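Bear in mind the structure is a predicted one, so any value in this text is a computation, not a measurement. Here is how names work: the chains are called A, B, and so on, in the same order as the sequence lines, proteins then strands, and each is numbered from 1.
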Amino acid sequence: MHTEDWPSTIEEALATQERLRGRVDLTDDLPELPPTVTGLDVAYDDAGGIAAAVVTLETAGLTVVEERTHRAKAVFPYEPGLFAFRELPPLLAALDRLERTPDILVCDGHGLAHPRRFGLACHLGVLTGLPAFGVGKTPFIGSHEPPPASRGCSAPLVDAGELVGAVLRTQDGVKPVYVSAGHRIGLAHACRLTLALTPRYRLPETTRHADRLSRAALR
DNA sequence: GCGACAG
DNA sequence: ATCTTGTCGC
């Protein structure tokens with residue numbers, strides 16, 4: 001979309017985060033189990049090429065109802081904390097191609113569990129106005145105790161005295177995932193949805209589908 | 001001050 | 001992110 005005025009320097013990106021962070025709304029109006037869930041992911045090749053994929057699943061049954069991709073060149077370098085400026089452009093383009101407006105976005109990355117409380121899930125939520133939350137595979141900021149080993153157990157993720165997310169066990173005895181709210185959803189609800197999306201594997205079905213599709217779109 | 005740092 | 005063999009377990 002408006003990649004003309006997209007931040008191109010770290011200073012501009014930081015200023016953008018500072019300007020948009022106040023637009024995050026944590027009010028949760030979402031039904032307990034929205035009709036659909038939309039996952040997003042981006043794959044990279046070794047020549048600056050990137051491919052974004054968005055996949056919408058029916059929440060009950062986790063079957064694919066729609067999927068879209070978008071290929072492009074990376075316009076921002078990877079920088080911890082500014083991750084969104086790299087993945088957002090292709091993701092927004094892919095989202096624009098969906099016919100059905102998503103009920104909620106499940107991002108692979110963090111939301112409030114970010115140094116300035118404005119990770120990818122928050123940014124994506126604010127720009128689209130859609131509910132969004134993040135499910136990260138690895139920790140970024142914050143400290144926590146290891147959650148009990150059973151699926152469904154979690155431990156609070158705290159940073160600077162603030163509760164920024166949850167470390168959630170999605171499978172018995174398997175490494176946990178990092179869940180944080182992004183926009184228009186609460187942490188507990190985000191955790192419940194994450195569990196609904198992980199009946200069998202560690203990562204949400206949305207993320208698994210989007211990951212597979214983005215890699216395929218790269219070729 | 002130094003190191004670590006989502007994907 | 002991506003590069004990769006073998007290996008353990010259902």
Please work out which residues in residues 131-146 of chain A have a non-hydrogen atom less than 4.0 Å from an atom of DNA chain B and list them by number. G136(A), K137(A), T138(A), P139(A), F140(A)
What parts of residues 115-124 of chain A reach DNA chain B, counting only heavy atoms under 4.0 Å away? G119(A), L120(A)
Listed pairs under 3.5 Å, donor-acceptor, residues 72-85 of chain A side chains, sequence neighbours left out:
from, atom 1, to, atom 2, distance (Å)
K73(A), NZ, A47(A), O, 3.4

Pick base, sugar-phosphate or nothing for D108(A), based on heavy-atom distances below 4.0 Å to the nucleic acid. sugar-phosphate
Identify whether any heavy atom of L40(A) sits under 4.0 Å from a base atom; if not, whether one sits that close to sugar-phosphate; answer base, sugar-phosphate or nothing. nothing
Using a 3.5 Å distance criterion without hydrogens, assess whether the side chain of T128(A) forms a donor-acceptor pair with backbone atoms of L124(A). yes
Given pairs defined as Watson-Crick or G-U wobble with both distances under 3.5 Å, what dot-bracket annotation applies to DNA chain B, with ( ) intrastrand, [ ] crossing, | other strand and . unpaired? .......
Quick one: do the S8(A) and E12(A) side chains pair a donor with an acceptor below 3.5 Å? yes
Every protein N/O lying under 3.5 Å from an N/O of nucleotides 2-4 of chain C:
from, atom 1, to, atom 2, distance (Å)
dT2(C), OP2, R215(A), NH2, 3.2

How far apart are the closest heavy atoms of [X] and [Y], and which atoms are they?
{"X": "A121(A)", "Y": "G111(A)", "answer": "CB-CA, 3.7 Å"}
{"X": "I104(A)", "Y": "P34(A)", "answer": "CG2-CG, 4.1 Å"}
{"X": "A132(A)", "Y": "I185(A)", "answer": "O-CG2, 3.4 Å"}

When you compare the side chain of [Y] with that of [X], does any pair of heavy atoms fall below 4.5 Å?
{"X": "L14(A)", "Y": "R116(A)", "answer": "yes"}
{"X": "Q17(A)", "Y": "H114(A)", "answer": "yes"}
{"X": "V64(A)", "Y": "T56(A)", "answer": "no"}
{"X": "C122(A)", "Y": "L112(A)", "answer": "yes"}
{"X": "V135(A)", "Y": "T170(A)", "answer": "no"}

D108(A) and K137(A) ion-paired at < 4.0 Å: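 Salt bridge flag = yes for K137(A) with D108(A).
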Please list all pairs meeting ring pair (Phe, Tyr, Trp, His ring centres under 6.0 Å) that have one or both residues in residues 196-219 of chain A, counting only residues at least two apart or in different chains.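 Qualifying pairs, neighbours excluded: none.
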Does any pair with a residue in residues 117-131 of chain A pass salt bridge (charged side-chain N to carboxylate O under 4.0 Å, His left out), and if so which ones, sequence neighbours excluded? R117(A)-D159(A), R117(A)-E162(A)
Distance under 4.0 Å to a non-hydrogen atom of chain A counts as contact; along DNA chain B, which nucleotides mark the start and end? dC5(B) to dG7(B)
Which ranges of DNA chain C pair up as stems, where a stem means three or more consecutive Watson-Crick or G-U pairs with both distances under 3.5 Å? none
Enumerate the side-chain hydrogen bond (donor to acceptor under 3.5 Å, both in side chains) contacts for residues 186-200 of chain A, please, sequence neighbours excluded, ordered by first and then second residue.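 Sorted result for residues 186-200 of chain A: D28(A)-H189(A), E32(A)-R192(A), R151(A)-T198(A).
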Apply the hydrophobic cluster definition, ILVMFWY joined by side-chain contacts under 4.5 Å directly or through others, and give me every member besides V164(A). F140(A), I141(A), L157(A), V167(A), Y178(A)
Sequence neighbours left out, what passes side-chain hydrogen bond (donor to acceptor under 3.5 Å, both in side chains) with E67(A)? Give chain and number order.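 Listed in chain order: nothing, the list is empty.
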In this structure, how many angstroms lie between the C1' atom of dA1(C) and the CG atom of D46(A), rounded? 11 Å
With hydrophobic residues grouped by side-chain heavy-atom distances under 4.5 Å, do L40(A) and W6(A) end up in a single group? yes
